[in-house]
Structure formats: structure tokens, C-alpha cells
Visitor: 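I'd like to ask you about the structure that follows.
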Amino acid sequence: MDLQNLGYALTQVVHNFGATAVVGGAVASLWLAPRAELHRCMAWLVLSGWAAQMASGATFGAISFYYYGQFPDLSTVAMVALATKVACAVSGFVLAAVYLRYGASRTESWHRGVWLILASLAATALTAAAFLRWFS
Ligand code: HEM
């Protein structure tokens with residue numbers, strides 16, 4: 001079995017489930033009844049998803065570097081798409097952490113606003129993924 005392909009495939013498994021968690025968790029939370037415990041569980045799921053995206057995204061780069069001694073030569077569109085994904089992942093992670101730390105004392109509309117931003121960041125990253133894939 002080709003170890004390089006196995007590495008990419010296993011990394012992609014984590015990356016795919018991470019994408020599902022950040023998109024699905026945030027979008028579902030917009031429809032959930034406003035129950036604090038439920039929303040905290042979803043925030044942990046989304047926080048873990050963003051962490052998984054950053055770790056697995058970096059692992060993609062590490063595998064390429066290990067096998068080729070350099071990072072892939074990306075087009076401008078692909079670079080912008082990658083930078084967009086990184087910015088969304090960092091912002092999403094920080095925002096989910098802020099929600100978990102300070103959410104208890106905030107209003108209902110603040111909660112909804114945070115979930116809206118988290119869903120938008122996830123949708124933006126998912127869209128950027130398509131451009132990274134096809135403009136690489
Ligand atoms: C630090 C953040 C991230 C980095 C460094 C990163 C990096 C990467 C890399 C290197 C690939 C492989 C590209 C290719 O096959 O040409 C990839 C694929 C992918 N990423 Fe990310 N990513 C990040 C965040 C995200 C996020 C937040 C999402 C979704 C919400 C996401 C969704 C995807 C998807 C769906 C693919 C597969 C695309 C395909 O093959 O069609 N990524 N990512």
C-alpha cells in the first residue's frame with residue numbers, strides 16, 4: 001500500500017468530518033430550541049471541528065513537504081482560497097471558544113448572532129475548499 005496516499009486519505013477523513021461538524025453544528029444550532037446545555041454541546045462540537053480542520057489542514061501540508069521537500073506550488077486563486085480557509089478556521093475557533101467562555105451571561109440575540117457568524121464562516125471555508133481544489 002502506498003503510504004503517502006494512505007496518509008492523505010486518513011487526513012482527508014478527519015478533514016471531511018471536521019467540515020461536517022463546523023457546517024452542520026452551526027447551521028443546526030440556528031434551528032435548535034434555545035436550551036443552554038444543548039447549545040454548549042454544539043459549541044464544543046464546532047470548536048473541535050475547527051481545531052480538526054486546522055490540524056488536518058496542516059497535516060496535508062506536512063505530508064507534501066515530507067515527500068517532496070517543498071510545499072505545492074499554488075496559483076493565486078488557490079492561495080487566496082487557502083488564506084480564506086485559514087482565516088475562517090482561526091476566527092471560528094476563537095468565536096466558539098468565546099461563546100463557551102462568556103455565552104452564559106449573554107442575551108438570546110447575542111447567541112443567535114454568534115451562531116450566524118459561525119455558520120457564515122463555515123460556509124465561506126467550504127466554498128473556498130472548492131476553489132483550492134480546482135485552482136491548485
Ligand atoms: C487551517 C485551515 C485549513 C487548511 C490549511 C486546509 C487545507 C486543505 C488542503 C491542503 C486540502 C487538499 C486540497 C486539494 O486536494 O487540492 C483541503 C481539502 C479540503 N478542505 Fe480544507 N483546509 C482548512 C480548513 C477547511 C475548512 C474550515 C473546511 C470546511 C468547512 C475545509 C474543507 C475542505 C474540503 C471539503 C476539502 C476537500 C476538497 C476536495 O477535494 O474536493 N477545509 N484542505
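All values below come from the heavy atoms of this structure, side chains included, with hydrogens, waters and symmetry mates left out. Just so you know, ligand 1 is whichever comes first in the structure, and atom 1 is the first atom listed for that ligand. Bear in mind the structure is a predicted one, so any value in this text is a computation, not a measurement.
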Visitor: Kindly identify the option in Gln53, Met54, Arg133 whose heavy atom sits closest to atom 26 (C) of ligand 1.
Guide: Gln53
Visitor: Could you find the nearest protein heavy atom to atom 9 (C) of ligand 1 and give me its residue, atom name and distance?
Guide: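 I find the closest protein heavy atom is Phe60 CD1, 3.4 Å.
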Visitor: What is the closest protein heavy atom to atom 37 (C) of ligand 1, and at what distance does it sit?
Guide: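 The answer is Gln12 NE2, 3.4 Å.
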Visitor: With a 4.0 Å cut-off on heavy atoms, does Val90 reach ligand 1?
Guide: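 No.
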Visitor: For the residue pair Trp50 and Leu95, establish whether any side-chain heavy-atom pair is separated by less than 4.5 Å.
Guide: no
Visitor: Has ligand 1 got any nitrogen or oxygen that is less than 3.5 angstrom from a nitrogen or oxygen of Lys85?
Guide: yes
Visitor: Do me a favour and list the nearest non-hydrogen protein atom to atom 4 (C) of ligand 1 with residue, atom name and distance?
Guide: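 Protein heavy atom with the smallest distance to atom 4 (C) of ligand 1: Gly57 CA, 3.6 Å.
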Visitor: Short N/O distance, under 3.5 Å, between His15 and ligand 1?
Guide: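 The answer is yes, given that His15 and ligand 1 share an N or O pair closer than 3.5 Å.
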Visitor: Out of all atoms in ligand 1, which are within 4.0 Å of some heavy atom of Ala122? Include the element for each.
Guide: 30 (C)
Visitor: Taking C-beta and beyond as the side chain, do His39 and Tyr99 meet within less than 4.5 Å on heavy atoms?
Guide: yes
Visitor: Against heavy atoms of Ala125, which atoms of ligand 1 measure under 4.0 Å?
Guide: 26 (C), 27 (C), 30 (C)
Visitor: What atoms of ligand 1 come closer than 4.0 angstrom to any heavy atom of Val22?
Guide: 30 (C)
Visitor: His15 vs Phe60 aromatic rings, parallel, tilted or perpendicular, using cut-offs 30° and 60°?
Guide: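 Judged by the thresholds at 30° and 60°, the geometry between His15 and Phe60 is perpendicular.
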Visitor: How does Leu82 reach ligand 1, by side chain, by backbone, by both or by neither, if only non-hydrogen atoms under 4.0 Å count?
Guide: side chain
Visitor: Transitively linked via ILVMFWY side-chain contacts under 4.5 Å: Trp44 with Val14?
Guide: no
Visitor: Provide the closest heavy-atom pair for Ala128 versus Ala81 in the form atom of the first, atom of the second, distance.
Guide: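 Taking Ala128 first and Ala81 second, the nearest heavy atoms are O-CB, 3.4 Å.
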Visitor: So do the side chains of Gln4 and Tyr68 get within less than 4.5 Å of each other, counting heavy atoms only?
Guide: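 Side chain of Gln4 against side chain of Tyr68, heavy atoms only: contact under 4.5 Å found.
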Visitor: Quick one: are Pro34 and His111 in side-chain contact, heavy atoms under 4.5 Å?
Guide: no
Visitor: Do the side chains of Trp115 and Val46 get nearer than 4.5 Å, heavy atoms only?
Guide: yes
Visitor: Using the rule that Ile, Leu, Val, Met, Phe, Trp and Tyr join whenever any side-chain heavy atoms are under 4.5 Å apart, tell me whether Trp31 and Val114 fall into a single cluster.
Guide: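 Linked within one cluster.
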Visitor: Would you say Thr11's side chain and Thr59's backbone share a donor-acceptor pair under 3.5 angstrom?
Guide: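 Answer holds: no.
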Visitor: For Trp50 and ligand 1, answer yes if some heavy atom of the residue is under 4.0 Å from a ligand atom, otherwise no.
Guide: yes
Visitor: Among all protein heavy atoms, pick the one closest to atom 29 (C) of ligand 1 and tell me residue, atom and distance.
Guide: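 Checking every protein heavy atom, the shortest distance to atom 29 (C) of ligand 1 gives Ala19 CB, 3.6 Å.
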Visitor: Does ligand 1 have an atom under 4.0 Å from some heavy atom of Cys88?
Guide: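 Contact check Cys88 vs ligand 1: negative.
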Visitor: Around atom 32 (C) of ligand 1, find the nearest protein heavy atom and jot down its residue, atom name and distance.
Guide: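 Scanning the protein heavy atoms, the shortest distance from atom 32 (C) of ligand 1 goes to Ala129 CB, 3.6 Å.
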